[in-house]
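Scroll down for the structure; my scribbles are underneath it.
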Amino acid sequence: SRFGPYRMTIIDLVARQKVFEQTNAAVDVEVSPNGRFIAIQGAIPNLYMDANTFDTVATDSGAGGGGSWDSTGNIFYSVRRRGGLSYIRRFDLTTRLALSETPYVDNAYPGSYVYRVQPTADLNKVFLYIYYGQNRGRVVSYNLADSTIGFSYWIGSQNTEMTITPDWKTILFTDPENFDNWDVYRSVYMVDAISDQLESIIPPPPPPYYGVPDPNLYFNPVQIAITPDGEYAMASTGLQFCCWVGLLSLRDRKYVEFFQTDTLWNEPTAVACRAKL
């Protein structure tokens with residue numbers, strides 16, 4: 001997808017040609033793990049497309065943004081703000097019906113604004129990113145069945161990226177620096193998605209990196225993507241003009257390599273991984 005003009009394009013990588021395009025829409029596209037569906041969020045209603053025919057198979061007027069697919073690839077979770085509360089919404093593509101939505105309840109911080117949801121293998125357990133204002137956010141696990149908070153960790157960035165390993169056992173999230181807050185640790189966090197235990201905090205190594213002469217260049221993990229085999233993760237620098245991408249070993253839980261892009265003034269803000277061919 002792109003901005004100005006708003007447009008979503010689907011490209012056949014075998015034929016190297018455009019096969020579908022939707023204009024006049026600012027969208028966030030999420031492909032289901034089973035390869036059957038495409039969720040298009042960014043406007044209301046959310047649209048769900050067949051990933052093979054590109055036909056719209058369902059719409060959900062109650063859905064919102066910041067969403068992800070569950071482990072089956074059939075249920076899409078999203079976050080919707082309504083009446084001063086944030087709701088976690090689930091839409092089942094097998095029945096083309098919305099499941100009961102659940103408000104996020106936190107008596108210590110009423111009215112919390114939930115921005116992102118990451119499902120786990122447990123249908124009722126999700127991880128949420130909550131933003132409380134400038135330089136103040138939190139990642140929590142939340143039980144949709146009884147509205148209880150499990151894991152809770154405060155962070156200082158509003159640019160947090162959150163994802164889960166292919167085996168659905170480990171949550172990864174970042175705490176990057178941004179133009180408002182330069183004091184965060186720029187770490188990548190690993191949390192057991194079942195036990196809620198914080199397993200590892202992976203800090204960026206000190207500069208310089210691999211012969212970079214300027215010691216003021218910092219590696220700042222923002223977005224993160226995991227390889228399909230679950231062995232590695234790639235982190236992008238995002239809001240820094242140093243054009244680096246970091247490779248993490250999830251087994252060893254440390255950075256093992258850095259790659260510099262050939263971009264001069266546009267930092268790599270997004271990363272993706274594919275299966276080895």
Side-chain angles (χ1 to χ4, degrees), residues 28-42 44-51 57-83 85-107 112-130 138-153 160-173 189-199 224-226 228-230 250:
D28 176 17
V29 180
E30 297 285 340
V31 181
S32 63
N34 58 21
R36 294 182 58 194
F37 304 108
I38 300 172
I40 303 174
Q41 54 183 342
I44 298 174
N46 276 7
L47 302 180
Y48 300 98
M49 296 169 52
D50 185 294
V57 296
T59 62
D60 183 10
S61 60
S68 299
W69 292 94
D70 78 332
S71 59
T72 69
N74 293 320
I75 299 177
F76 191 76
Y77 290 62
S78 64
V79 181
R80 177 76 182 275
R81 187 76 174 175
R82 188 174 64 250
L85 290 176
S86 295
Y87 289 84
I88 294 90
R89 179 84 166 184
R90 293 177 290 180
F91 193 88
D92 190 339
L93 268 296
T94 60
T95 62
R96 309 294 197 264
L97 296 173
L99 305 178
S100 58
E101 61 182 15
T102 304
Y104 175 72
V105 178
D106 184 354
N107 293 328
S112 298
Y113 205 122
V114 180
Y115 269 73
R116 290 178 182 150
V117 55
Q118 173 59 61
T120 68
D122 183 339
L123 179 66
N124 285 308
K125 184 177 183 180
V126 296
F127 277 74
L128 305 173
Y129 168 62
I130 305 159
R138 186 164 58 139
V139 174
V140 304
S141 66
Y142 192 67
N143 191 302
L144 302 179
D146 58 15
S147 300
T148 55
I149 297 172
F151 174 81
S152 175
Y153 197 92
T160 299
E161 178 76 4
M162 189 165 49
T163 188
I164 194 167
T165 53
D167 60 9
W168 293 82
K169 293 182 178 180
T170 306
I171 294 286
L172 276 75
F173 65 92
Y189 300 82
M190 300 178 66
V191 182
D192 189 303
I194 300 173
S195 69
D196 280 348
Q197 294 299 307
L198 178 62
E199 295 180 336
I224 192 166
I226 301 173
D229 59 9
L250 298 186

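Fair warning: this is a prediction, and the values are worked out from it, not measured in the lab.
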Check salt bridge (charged side-chain N to carboxylate O under 4.0 Å, His left out) between [X] and all other residues, then give those that pass, not counting sequence neighbours.
X: Asp70; result: none
X: Glu30; result: none
X: Arg96; result: none
X: Asp196; result: Lys125

Expected output: side-chain Thr165 to main-chain Thr170 donor-acceptor under 3.5 Å: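 Looks like yes, one N/O pair under 3.5 Å.
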
Using every non-hydrogen atom in the two residues, find where [X] and [Y] come nearest and quote the distance to one decimal.
X: Ser78; Y: Ala63; value: OG-CB, 3.6 Å
X: Ala121; Y: Ser71; value: CA-OG, 4.0 Å
X: Val79; Y: Val114; value: CG1-O, 3.2 Å
X: Ala193; Y: Ile164; value: CB-CD1, 4.4 Å
X: Phe91; Y: Ala58; value: CE2-CB, 3.7 Å
X: Arg81; Y: Ser86; value: NH1-OG, 2.9 Å

So, using ring pair (Phe, Tyr, Trp, His ring centres under 6.0 Å) as the criterion, who are the partners of [X] when residues are at least two apart?
X: Tyr129; answer: none
X: Tyr113; answer: Tyr115
X: Phe76; answer: Tyr48, Trp69

Ile226 vs Leu250 side-chain heavy atoms within contact, under 4.5 Å: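 Counting from C-beta outward, Ile226 and Leu250 do come under 4.5 Å.
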
Minimum side-chain heavy-atom gap Asp106-Ile130 below 4.5 Å: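 Contact flag for Asp106/Ile130 side chains = no.
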
For [X], side chain to side chain donor-acceptor pair (under 3.5 Å) partners two or more places apart:
X: Arg80; answer: none
X: Ser152; answer: Arg138
X: Asp146; answer: Thr148
X: Asp229; answer: Thr227

Can you tell me how far apart [atom1] ([X]) and [atom2] ([Y]) are? Round to the nearest 0.5 Å.
X: Ile194; Y: Ser141; atom1: CD1; atom2: OG; result: 12.0 Å
X: Gln118; Y: Ser68; atom1: CD; atom2: OG; result: 4.5 Å
X: Arg82; Y: Glu101; atom1: CZ; atom2: CD; result: 4.0 Å
X: Leu128; Y: Ile88; atom1: CG; atom2: CD1; result: 5.0 Å
X: Thr163; Y: Phe127; atom1: OG1; atom2: CZ; result: 12.5 Å
X: Met162; Y: Ile224; atom1: CE; atom2: CD1; result: 12.5 Å

Any donor-acceptor N or O pair under 3.5 Å, side chains Asp92, Thr94: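 Asp92 vs Thr94: donor-acceptor pair found between side chains.
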
Chi angles and distances behind the side chain to side chain contact (heavy atoms under 4.5 Å, CB included) call for Val140, Tyr104: CA-CA 11 Å; Val140 304; Tyr104 175 72; 4.1 Å; yes

Working for side chain to side chain contact (heavy atoms under 4.5 Å, CB included), residues Asn124 and Arg90: CA-CA 10 Å; Asn124 285 308; Arg90 293 177 290 180; 3.6 Å; yes

Pair Ile171-Phe151, side chain to side chain contact (heavy atoms under 4.5 Å, CB included): steps then yes or no: CA-CA 11 Å; Ile171 294 286; Phe151 174 81; over 6 Å; no

Side chain to side chain contact (heavy atoms under 4.5 Å, CB included) partner of Arg36, chosen from Leu93, Asn74, Thr72: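 The single option meeting the side chain to side chain contact (heavy atoms under 4.5 Å, CB included) with Arg36 is Asn74.
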
Working for side chain to side chain contact (heavy atoms under 4.5 Å, CB included), residues Tyr153 and Phe173: CA-CA 11 Å; Tyr153 197 92; Phe173 65 92; 4.2 Å; yes

Qualifying residues under side chain to side chain contact (heavy atoms under 4.5 Å, CB included), relative to Ser61, sequence neighbours excluded: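 Partners of Ser61 by the side chain to side chain contact (heavy atoms under 4.5 Å, CB included) criterion, ordered by chain and then number, come out as Pro45.
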
